[in-house]
Amino acid sequence: MPELPEVETTRRGISPHLIGQTIQATVIREPQLRWPIPADLPERLDRRTVRTVERRGKYLLIGTNRGTLIVHLGMSGSLRILSPDSPPRKHDHLDIVLANGTCLRFHDPRRFGCVVWTENDPQVHPLLAGLGPEPLSTSFDAAYLYRKARGRSTPVKSFIMDSHVVVGVGNIYANEALFRAGIAPRRQAGRIALPRYEKLVLSIRAVLSEAIEQGGTTLRDFVNENGNPGYFQQTLQIYGRSGLPCYRCGQSIRTERLGQRSTYWCPSCQR
DNA sequence: AGTGCGGCCTGTCCGC
DNA sequence: TGCGGACAGGCCGCAC
C-alpha cells in the first residue's frame with residue numbers, strides 16, 4: 001500500500017495524538033513481521049514520552065526520550081488511533097497504549113511491515129543510512145538525478161523506485177510521474193538528457209504533493225489514522241488504466257511487467 | 001557496483 | 001461453489 005504520500009498522511013494524522021504523551025502499555029499480539037518485533041519492546045517503551053513523529057522515506061520515526069521506534073507499513077500496513085477497549089480485529093499486531101486513554105494500533109495483513117527499536121540516532125540505523133534524498137527536499141533536483149544515472153542501464157522506472165536513488169516513489173507514483181514527464185518507463189536511466197530529468201523531478205514532486213493533499217491513494221486497504229480512505233485514486237491518470245484511452249491523446253494505454261511490477265504507459269505520449 | 005530475481009505474507013479476484 | 005494461480009501499494013538479500 002503505502003508510498004510516501006500515504007506514510008506522510010499517516011504521520012500528520014497520528015502526530016498530534018502522540019506528541020507529549022506518555023506510553024502506558026505496549027501489547028504485542030503478533031511479533032512475526034518482516035523482522036520480529038523485539039520481545040523486550042514493552043519494557044523499553046513503557047513510561048517513555050513521545051517527543052517527535054517524523055518520516056524518512058517510507059519509514060515513520062516515533063521518537064521518545066529514550067529511543068526511537070522505526071515503523072514501516074510495508075504493503076498493507078496502517079496505523080490508527082482508537083480506544084484501547086475497541087476489540088482488536090484480525091491482523092492488529094501491536095498496540096501502544098497512551099496515558100490519555102487512546103491507543104496507536106498497527107494493522108498489517110501481509111506482515112511485510114516492520115517495527116524496530118533503536119536507542120541510537122535513527123538516521124545511522126542500517127535501514128535508513130543508505131537512503132537517497134527526500135523527493136520534496138531541495139537536495140533532490142535534476143542535476144542530482146542526472147549525475148546518479150550516469151552509466152546506469154536500468155529502466156528509468158526501476159531507477160526512480162530505488163530508495164537508494166530517491167525515497168518514497170513506489171509503483172503507483174512512478175507510473176504517474178513518468179506519464180506526466182512524457183518518459184517511457186523502459187528508457188534506460190543513463191540515456192536520458194538533463195532537461196528531461198528536470199521535467200521528471202517536477203513531475204515526481206507534483207504527483208507526490210498532490211497525493212498528500214488528497215490524503216493518499218486508496219486502492220484497496222489504505223486508511224488514515226481515523227480509518228478513512230484517501231482520494232488521490234480519482235486523480236490517477238495512468239495507473240490501472242490498461243486498454244483505456246490516454247487522457248492526453250486518446251491512444252490505448254498499455255501495460256506490461258517491468259521488474260515484477262505492473263507498469264502502465266501511453267506509447268504515444270511517453271518516449 | 002549494478003542488475004535482476006526470490007522470498008516474505010494474506011487476501012482477492014478471475015478463469016475453469 | 002470450489003480450486004488453482006496470478007496479482008497486489010515494498011524492499012531486503014542473494015546470486016551473477
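Protein chains get the first letters and strands the later ones, always in sequence-line order, with residue 1 at the start of each. These numbers come from the heavy atoms of this one structure, side chains and all, not from hydrogens, waters or symmetry mates.
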**OP:** Would you indicate which nucleotide in dC12(C), dG10(C), dC5(B) comes nearest to any side-chain atom of Y59(A)?
**Re:** dC12(C)
Original post:
With both distances under 3.5 angstrom, what nucleotide forms a Watson-Crick or G-U wobble pair with dC16(C)?
Top reply: dG2(B)
**OP:** Specify the closest pair of heavy atoms between Q270(A) and I183(A), including all atoms of both residues, with the distance to one decimal.
**Re:** NE2-O, 2.9 Å
Original post:
For the side chain of H72(A), counting heavy atoms from C-beta on, which of dG9(C), dG10(C), dT3(B) is nearest?
Top reply: dG10(C)
**OP:** Give a yes/no answer on whether the side chain of R261(A) brings an N or O atom under 4.0 Å of OP1 or OP2 in dG9(C).
**Re:** yes
Subject >> Length of the CG-P vector between L127(A) and dC11(C), whole Å >> reply: 10 Å
Original post:
Mind checking the P distance from dC5(B) to dC7(C)? Whole angstroms is fine.
Top reply: 14 Å
**OP:** Kindly point out which of dT3(B), dC11(C), dC12(C) is positioned nearest to the side chain of S153(A)?
**Re:** dT3(B)
Subject >> Candidates dG6(B), dC9(B), dG11(B) - which lies nearest the side chain of R111(A) >> reply: dC9(B)
Subject >> For Y239(A), the option from Y173(A), Y264(A), F232(A) that meets ring pair (Phe, Tyr, Trp, His ring centres under 6.0 Å) >> reply: Y264(A)
**OP:** Give Y173(A) one of three labels, base, sugar-phosphate or nothing, depending on what nucleic acid heavy atoms sit under 4.0 Å from its own.
**Re:** nothing
Original post:
Counting any heavy atom closer than 4.0 Å, what does R150(A) reach on the DNA or RNA strands: base, sugar-phosphate only, or nothing?
Top reply: nothing
**OP:** Select one nucleotide: of dG9(C), dG10(C), dG11(B), the one nearest the side-chain heavy atoms of M161(A).
**Re:** dG10(C)
Original post:
Between atom CG in D162(A) and atom P in dG13(C), what is the gap in whole Å?
Top reply: 14 Å
**OP:** With R241(A) as the cation and Y247(A) as the aromatic partner, state whether NZ or CZ is under 6.0 Å from the six-membered ring centre and within 45° of the axis.
**Re:** yes
**OP:** Measure the distance from CH2 on W35(A) to P on dG10(C) and round it to the nearest whole Å.
**Re:** 15 Å
Original post:
NE2 of H125(A) versus C1' of dC11(C): gap in Å, rounded?
Top reply: 15 Å
Original post:
Is there a side-chain polar atom (N or O) of K58(A) under 4.0 Å from OP1 or OP2 of dG9(C)?
Top reply: no
Original post:
What do you reckon, is CZ of R248(A) surrounded by more than 12 foreign heavy atoms closer than 6.0 Å?
Top reply: no
Original post:
For atom CZ of R191(A), is the number of surrounding heavy atoms from other residues, nucleotides or ligands below 6.0 Å larger than 12?
Top reply: no
**OP:** Please determine, for dG9(C), whether a Watson-Crick or G-U wobble partner exists with both distances under 3.5 Å, and give it or none.
**Re:** none
**OP:** Find the distance Q188(A):CD to dG4(B):P and express it as a whole number of Å.
**Re:** 9 Å
**OP:** Kindly say whether, by distance alone, the side chain of R110(A) makes a donor-acceptor pair under 3.5 Å with the base of dC9(B)?
**Re:** yes
Subject >> Pair assignment for dT1(C), Watson-Crick or G-U wobble, requiring both distances under 3.5 Å >> reply: none
**OP:** Hey, can you tell me if H72(A) and Y59(A) have their rings parallel, tilted or perpendicular (30° and 60° cut-offs)?
**Re:** perpendicular
**OP:** Take atom CZ of R29(A) as the centre, draw a 6.0 Å sphere, and report whether it contains more than 12 heavy atoms from other residues, nucleotides or ligands.
**Re:** yes
Subject >> dC8(B) pyrimidine/purine six-ring stacking with F112(A), under 5.5 Å and 30° >> reply: yes
Subject >> N/O donor-acceptor pair, side chain R34(A) with base dC12(C), under 3.5 angstrom >> reply: no
Original post:
Which part of the nucleic acid, if any, lies within reach of Q32(A) when heavy atoms closer than 4.0 Å are counted: base, sugar-phosphate only, or nothing?
Top reply: nothing
Subject >> Closest nucleotide among dC9(B), dC11(C), dC7(C) to the R257(A) side chain >> reply: dC7(C)
Original post:
Given atom CD1 of I160(A) and atom P of dC11(C), what is their separation to the nearest angstrom?
Top reply: 14 Å
Original post:
What is the distance, rounded to the nearest whole Å, between atom CD of E6(A) and atom C1' of dG9(C)?
Top reply: 7 Å
**OP:** Using whole Å, report how far CG of L33(A) lies from C1' of dC8(B).
**Re:** 11 Å
Original post:
If you pin S158(A) and P109(A) to their nearest nucleotides in DNA chain B, which one's is more 5'?
Top reply: S158(A)
Subject >> Shortest side-chain distance from R152(A), nucleotide among dG6(B), dG2(B), dG9(C) >> reply: dG2(B)
**OP:** Find which nucleotide of DNA chain B each of G151(A) and R220(A) is nearest to by heavy atoms, and output the residue with the more 5' nucleotide.
**Re:** G151(A)
